[in-house]
Participant: 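Got a structure for you, questions after.
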Amino acid sequence: MLKVHNTLTRQKEEFVPLDGNNVRMYVCGPTVYDYPHIGNARSFAVFDTIRRYLEYLGYRVRYITNFTDIDDKMINRANEEGTSIGELASKFIAEYHMIAKQLNLKPATVNPRATEHMDDIIEMVEMIIKNGKGYVVDGDVYFDVSEWKAYGALSKIPLDDLSAGARVDVSDKKQDPRDFVLWKAEKPGEPSWESPWGKGRPGWHAECSVMGRHYLGLPFDIHGGGQDLIFPHHENEVAQSSAAYGIDTPVKYWLHNGFLTLDSEKMSKSEQNFSTAREVLDNYDHQAVRLYLISGQYGQPLDYNDGALEQANQSLERIKNAVDTVKGRISILERTGSRESKADKKLGEASKKVRAGFETSMNDDFNTPGALAEIFTFIREINTHTKDVGGAAVLREALSVLSELVGILGIDLEASDTAEDSGASAEALKGVVEFLLDLREEARKAKDFAKSDQIRDRLGQLGITIADTKDGPTWKMG
Ligand code: AMP
Ligand code: ZN
């Protein structure tokens, strides 16, 4: 039975979707004003793993993750760079998709953008006003927190503690410093949209209420994001959705990932203590980065340092070596034929055990480090028994279980996707061809022309053409 930690109740609860086998899931995505840092990438990888595990359990998951393409950061950066918010968004949405591919994130069902939902946003703000929970001042619209008794239920912050100045932006237009903005009147030089309150743009929280409802309907099952979003973003989202649409609990399970930290401090752009996902992916094997990002339980902090990435790299190598060991044994048995042995039984049992252990860990609020520990125990079994296994079927089963389980964590054993990988393969190919050319030269010198021709012909069959020049032989592909 799957249990998930629900921020709303601060409890691990049994996961029961609202609609049978269908899971509806919304994850707050990036603000597309800059290169995401590796902390943002943790959030992407964590929720992709959660989604993959839900699919493994047999649920049909509808997965929505948005792009915030209008807010203060977007406007300021577009102005600094002399570009439009649309162009800025296109550039960093392309970057997101590149990171998503390199981290092996499954494509979302939809990646909606805030600016595509202005009509829905305006409609929601109108409903909040109509229901007596919002008020208009000089073209701004505010949510009246004093009218919302459940305010603070998600973040567990008592209303009285939300005094002016405590992470609440103070404005003399607000009736109460705790109120938050739903719609902002146009300022000179800012992009704006027509609305019943004059030209303006939405407050940040509005978009996720609207897009969640638009693509999933309310209530839906899972809402995800980093812990920094619990307050005010998600608290305000609950208030908006409930006040506008009359649904007390718009989301059944709130899941929040812990921070990726640097020297125990949250990685963030504003603190200047960050590495971009791009820098990290350019310097390390992409699959090792993915493995690192899910190496801690998603709700706990995860420290970023070179040692942790090196360790992930070694873990990845151990997985790949185990695969090679098993494949090597299969190819031997294909030539020599099968014969059952004691080791077959042991490996067969280990293949069953790892699945059960993996599921127990993942069912405990997606305990990925526990799941990985099960996988490495299995790898030790593979390394111990494979050389003595006599049946190819049991080896194929071990391989298939291993690749299925690491696949849920986002590791694709068939992929050879990194620049380093293709660089390394090219380097290896060059070495092998040059070695064969040396052997051919030796054969020619020894007047063994049959051997030298054989080498040239075999390379030719592999698409490698040799030319003899006065400086010696050269080769090229094709
Ligand atoms: P943003 O682009 O700032 O809206 O962030 C995109 C996602 O990354 C959100 O879910 C954030 O909560 C999450 N996030 C931001 N900083 C971190 C961090 N240091 N560690 C983990 N997740 C983070
Ligand atoms: Zn959001």
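Each ligand, and each atom within it, is numbered from 1 in the order the structure gives. Since this is a predicted model, take the numbers as computed values, not measurements.
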Participant: Listing by chain and number, what protein N/O/S atoms are under 2.8 Å from the Zn ion (ligand 2)?
Facilitator: C28 SG, C208 SG, H233 NE2

Participant: By side-chain hydrogen bond (donor to acceptor under 3.5 Å, both in side chains), which residues pair with E55, not counting sequence neighbours?
Facilitator: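 Counting only residues at least two positions away or on another chain, E55 forms a side-chain hydrogen bond (donor to acceptor under 3.5 Å, both in side chains) with R51, K106.
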
Participant: ring-ring contact (aromatic ring centres under 6.0 Å, His included) with Y253: which of F220, F366, F15?
Facilitator: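 Single pass found, and it is F15.
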
Participant: May I ask you to check whether over 12 heavy atoms, not counting those of D119, lie within 6.0 Å of atom CG?
Facilitator: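 Atom CG in D119 is not crowded, with 12 or fewer foreign heavy atoms closer than 6.0 Å.
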
Participant: Test ring pair (Phe, Tyr, Trp, His ring centres under 6.0 Å) on F44 and Y96 and set out the steps.
Facilitator: CA-CA 10 Å; F44 308 156; Y96 171 85; 5.0 Å; yes

Participant: Indicate the ring-plane relationship of F143 and F180, choosing parallel, tilted or perpendicular according to the 30° and 60° boundaries.
Facilitator: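 Parallel.
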
Participant: Does the plane of the ring in F92 sit parallel, tilted or perpendicular to the ring in Y35? Use 30° and 60° as the thresholds.
Facilitator: perpendicular

Participant: Show me a pair-per-line table, with atom names and distances to 0.1 Å, of protein N or O atoms that are under 3.5 Å from an N or O of ligand 1.
Facilitator:
unit_1   : atom_1 : unit_2 : atom_2 : d
ligand 1 : 2 (O)  : T31    : N      : 2.9
ligand 1 : 4 (O)  : T31    : OG1    : 3.3
ligand 1 : 5 (O)  : N40    : ND2    : 3.2
ligand 1 : 8 (O)  : N40    : ND2    : 3.1
ligand 1 : 10 (O) : S43    : OG     : 3.4
ligand 1 : 10 (O) : G226   : N      : 3.1
ligand 1 : 12 (O) : G226   : N      : 3.0
ligand 1 : 12 (O) : D228   : OD1    : 2.5
ligand 1 : 12 (O) : D228   : OD2    : 3.4
ligand 1 : 19 (N) : L260   : O      : 3.2
ligand 1 : 19 (N) : M267   : O      : 2.9
ligand 1 : 20 (N) : L260   : N      : 2.8
ligand 1 : 22 (N) : G39    : O      : 3.1
ligand 1 : 22 (N) : N257   : ND2    : 3.2

Participant: Do F231 and L154 have side chains that approach each other closer than 4.5 Å (heavy atoms only, starting at C-beta)?
Facilitator: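 They are not in contact (no side-chain heavy atoms under 4.5 Å apart), so the answer is no.
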
Participant: How would you list all residue pairs meeting salt bridge (charged side-chain N to carboxylate O under 4.0 Å, His left out) that involve residues 358-383, not counting sequence neighbours?
Facilitator: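 Listed by first then second residue: K12-D364.
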
Participant: May I ask you to check whether D140 and Y142 show a side-chain donor-acceptor distance below 3.5 Å?
Facilitator: yes

